[in-house]
Undergrad: 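My questions all concern the structure below.
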Amino acid sequence: MSREDDRQASAERPSDPTLLTDGGTSELATVAELAKRRGFFFQTAESYGGVGGLVTYGPQGSALKRNIEDRWRDRFVTRAGNMELSAPDVMPEPVFEASGHLDGFDDMIVECPECETAHRADHLVEDSSEHEDAEALGIEQIGELIGELEIACPDCGTALAGESVDEFNLMFGTDIGPGSSQPGYLRPETAQGIFTEFPRLKEYARGKLPFGVAQIGDAYRNEIAPRRGLIRVRAFTQAELEQFIDPEEDEPAIEAVADVELPLYTAPAQADEGGQETYTVRKAVEEGVIESAWIAYYLGLARDWYEAIGIDMDRFRYRQHKAGERAHYAADCWDAETELDGEWVEVTGFAYRSDYDLTNHAAATGDGFTVFKQYDEPKTVERPGVDPDMSTLGPEFGGDASAVADALASLAASEPDAFTGDTVTVEIGGDSATVATDVANFAVETVTETGEHITPHVVEPSFGIGRLFYSVLVHSYETDEVDGEERTYLSVPAELAPTFACVVPLVSNEPALVEQAEQIRDQLRDAGLEVAYDESGAIGRRYRRQDEIGTPVCVTVDHESIEEEPTSVTVRDRDTTAQARVPVTELRDCLLALRAGTSFSDLLDRDAVTPV
RNA sequence: GUGCCGUUGGUCCAGUGGUAGGACAUUAGCUUCCCAAGCUAAUAGCCCGGGUUCGAUUCCCGGACGGCACACCA
């Protein structure tokens, strides 16, 4: 089948995604083919047979990806006044014990031989026995218990005895340094690289909330079944922002985005098979559709950003997580989704992570994952305490003396009334210890407190750069007809285009045109633009090559260019194929304006520019 | 991880128990005064391993990779 037939077949296909699964004619397959051929992305190490779920961004792709990342940085770091950091991809095991990822990544699965449903093996054992933490038992024991307890498939009732129990571990493990004494893991999300550095980061923020810390970097998940090009891969780039807030006081600058219209697909609508509805940010917060004003704020900020990078807003929505769907850390969660090939793909998760991560890292390390919040007015409080006479406790209790002292201290804090009698009794381990009250030295002190340590809450927008990249490609893929010939072009925003301009001599067998074109190419590169040069083949073919990779303009040097004064060139617009004549002296400014977002039709209004 | 299907130049495909052909693309030359034109030539391929066979790209087995379904998905 020729490529043209291929496209027609694609155009005639019904939109039912189940009919688009033959891999040859779907929207994703068409774009993936272009991506491979034109150097956007392709499978890694194909010479070695390829690796599932690993992709390499080619020359065009890495430029487009970098531009998306730059746009993200501009919006969510620079203009939002946030910090950025760059943490290593490998972190030691205890980090992921604290974050909860190690537990969550280590599922035991048993599959029903009859209905092929997979079940959490440890949960089955817990449901049918006294075991409360079956996960700790290990695979072999769980397998035996399934037989002994005669556990059956909850769905169809088939006995599961003898079925193999498999472990699903989505973390990439490694060793840090020689030997296996320090296990490490590739990070499954970039966020932990921010949370672990919180004690230092809060210093840079001078201890004041709110502040945001962002990171763009790679994360790794050893997916069971990588799928669909860039959509589910084992190594992927995330752009994450961790917004640290005081949940009691900090409010987002919601007025700045209050009128942004959000296409919301709420959890109740999903349950009732309802559709999506449009809310302004203001209305969504007022009506409680979005619980957290911070989440709403970021949904608003991000909506306009998605549009600016070329996501088709008719193929975009915000979907609320249903109750059972949320991650182990997430209190409320919305996903940004784009529609690709009739399916909705998560491109960003907006999660209210509360104080989950900081609390856990604090517990694991004992380090300061809190900020000190000063009261408006210092508070005077009465604090009951003890100052035990250790010279009495020591001889009496020996090695338990300090434990007795600690117990007295906590008793003083919780039950000051216990110290009203002549003696006071505390529990140490299983034993009780009785101490004379005056030995405990109980007293109520009056202290002045100027503030308290609070653990910030975290609002996290987490963007999947690869999926956004793919969405931009798919949503910008266009075909039209020029002089009876079908044309393919990528209508990516000029700001993002991997190659901004291509300079071409109209014909290549005239040295004067070629020479002039090469000069112009060099001048434009000196101006900081990504400029290609092409003198191979007919002029139309060269235009089409650039159209296909989304180059916004082609600059053509023709005879008129060099014969007339002032020297001029034509500038051709990718989306319309319209052309304008521009003096060479104005070219740089014109192109920089286009790069910055000026439309081609606005360019035509300039005095120096003449439509062709 | 299970099941079904698949893997042939850069891309998309055809084909064969005696190592392959097309289209498009690419490169060079000619041509070319604005949209994939034409002419000439060139470059370039049977996913990997094992088995059967005189001989395997082709048949069989296994693997890798891909697509889809089920399952999983922070």
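Every chain is numbered from 1, with letters handed out A, B, ... down the list of sequences.
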Undergrad: Are the side chain of Asp341(A) and the backbone of Glu343(A) linked by a donor-acceptor contact shorter than 3.5 Å?
TA: no
Undergrad: Any base atoms under 4.0 Å from Gly53(A), or only sugar-phosphate, or nothing? Heavy atoms, all strands.
TA: sugar-phosphate
Undergrad: Both Lys36(A) and Asp573(A) contact RNA chain B. Taking the nearest nucleotide for each, which residue is further toward the 5' end?
TA: Lys36(A)
Undergrad: Once you round it to whole Å, what is the distance between P of C24(B) and CG of Leu34(A)?
TA: 18 Å
Undergrad: Start at the 5' end of RNA chain B and walk down; is the nucleotide closest to Ala538(A) or to Val557(A) reached first?
TA: Val557(A)
Undergrad: Do the side-chain N and O atoms of Tyr220(A) and Asp89(A) include a donor-acceptor pair separated by under 3.5 angstrom?
TA: yes
Undergrad: Considering every strand and a 4.0 Å limit on heavy-atom distances, what is the contact class for Arg542(A): base, sugar-phosphate, or nothing?
TA: nothing
Undergrad: I'd like to know if Tyr48(A) reaches the base of C48(B) with its side chain such that a donor and an acceptor end up less than 3.5 angstrom apart.
TA: no
Undergrad: The side chain of Arg544(A) lies closest to which of these nucleotides: G66(B), C35(B), U32(B)?
TA: C35(B)
Undergrad: Can you find a side-chain donor-acceptor pair between Thr190(A) and Glu240(A) that sits under 3.5 Å?
TA: yes
Undergrad: By the 4.0 Å heavy-atom rule, please label Ile539(A) as base, sugar-phosphate, or nothing.
TA: sugar-phosphate
Undergrad: Report the distance from atom OH of Tyr543(A) to atom P of A36(B), rounded to the nearest whole Å.
TA: 11 Å
Undergrad: Can you find a pair of side-chain heavy atoms, one from Gln546(A) and one from Arg574(A), that are under 4.5 Å apart?
TA: no
Undergrad: Base, sugar-phosphate or nothing for Asp547(A)? Non-hydrogen atoms, less than 4.0 Å.
TA: nothing
Undergrad: Can you find a donor-acceptor pair, distance only, under 3.5 Å between Arg572(A) side chain and C35(B) base?
TA: yes
Undergrad: Between Glu535(A) and Ser508(A), is there a side-chain donor-acceptor contact under 3.5 Å, judged purely by atom types and distance?
TA: no
Undergrad: Which nucleotide sits closest to the side chain of His559(A): A36(B), C33(B), C35(B)?
TA: C33(B)
Undergrad: When only distance counts, do a donor and an acceptor, one from the side chain of Gln579(A) and one from the base of C34(B), lie under 3.5 Å apart?
TA: yes
Undergrad: Ignoring the backbone of Ser536(A), work out which of C35(B), U31(B), U27(B) is nearest its side chain.
TA: U27(B)
Undergrad: Calculate the interatomic distance between Gln43(A) atom CD and U7(B) atom C1'; express it in whole Å.
TA: 11 Å
Undergrad: At under 4.0 Å between heavy atoms, what does Arg541(A) touch on the DNA or RNA strands: base, sugar-phosphate, or nothing?
TA: sugar-phosphate
Undergrad: For nucleotides C59(B) and C5(B), find the distance between their P atoms and express it as a whole number of Å.
TA: 14 Å
Undergrad: In whole angstrom, what separates Asn509(A)'s CG from C34(B)'s C1'?
TA: 15 Å
Undergrad: Could you check how far OH of Tyr489(A) sits from C1' of A36(B), rounded to whole Å?
TA: 16 Å
Undergrad: Other residues, nucleotides and ligands only: do more than 12 of their heavy atoms fall within 6.0 Å of CD on Glu346(A)?
TA: yes
Undergrad: Rounded off to whole Å, could you give me the CD-to-P distance for the Glu46(A) and G10(B) pair?
TA: 10 Å
Undergrad: Rounded to whole angstrom units, what separation is found between the CD atom of Glu548(A) and the P atom of U11(B)?
TA: 14 Å
Undergrad: Mind checking Gly484(A) for me? I need base, sugar-phosphate or nothing, with any heavy atom below 4.0 Å counting as a touch.
TA: nothing
Undergrad: How many Å lie between CG on Asp534(A) and C1' on A25(B), as a whole number?
TA: 13 Å
Undergrad: Heavy atoms from C-beta onward define the side chain here; which of C34(B), U32(B), C65(B) lies closest to that of Thr556(A)?
TA: C34(B)
Undergrad: Would you say the base of C34(B) and the side-chain of Asp558(A) have a donor-acceptor pair closer than 3.5 Å?
TA: yes
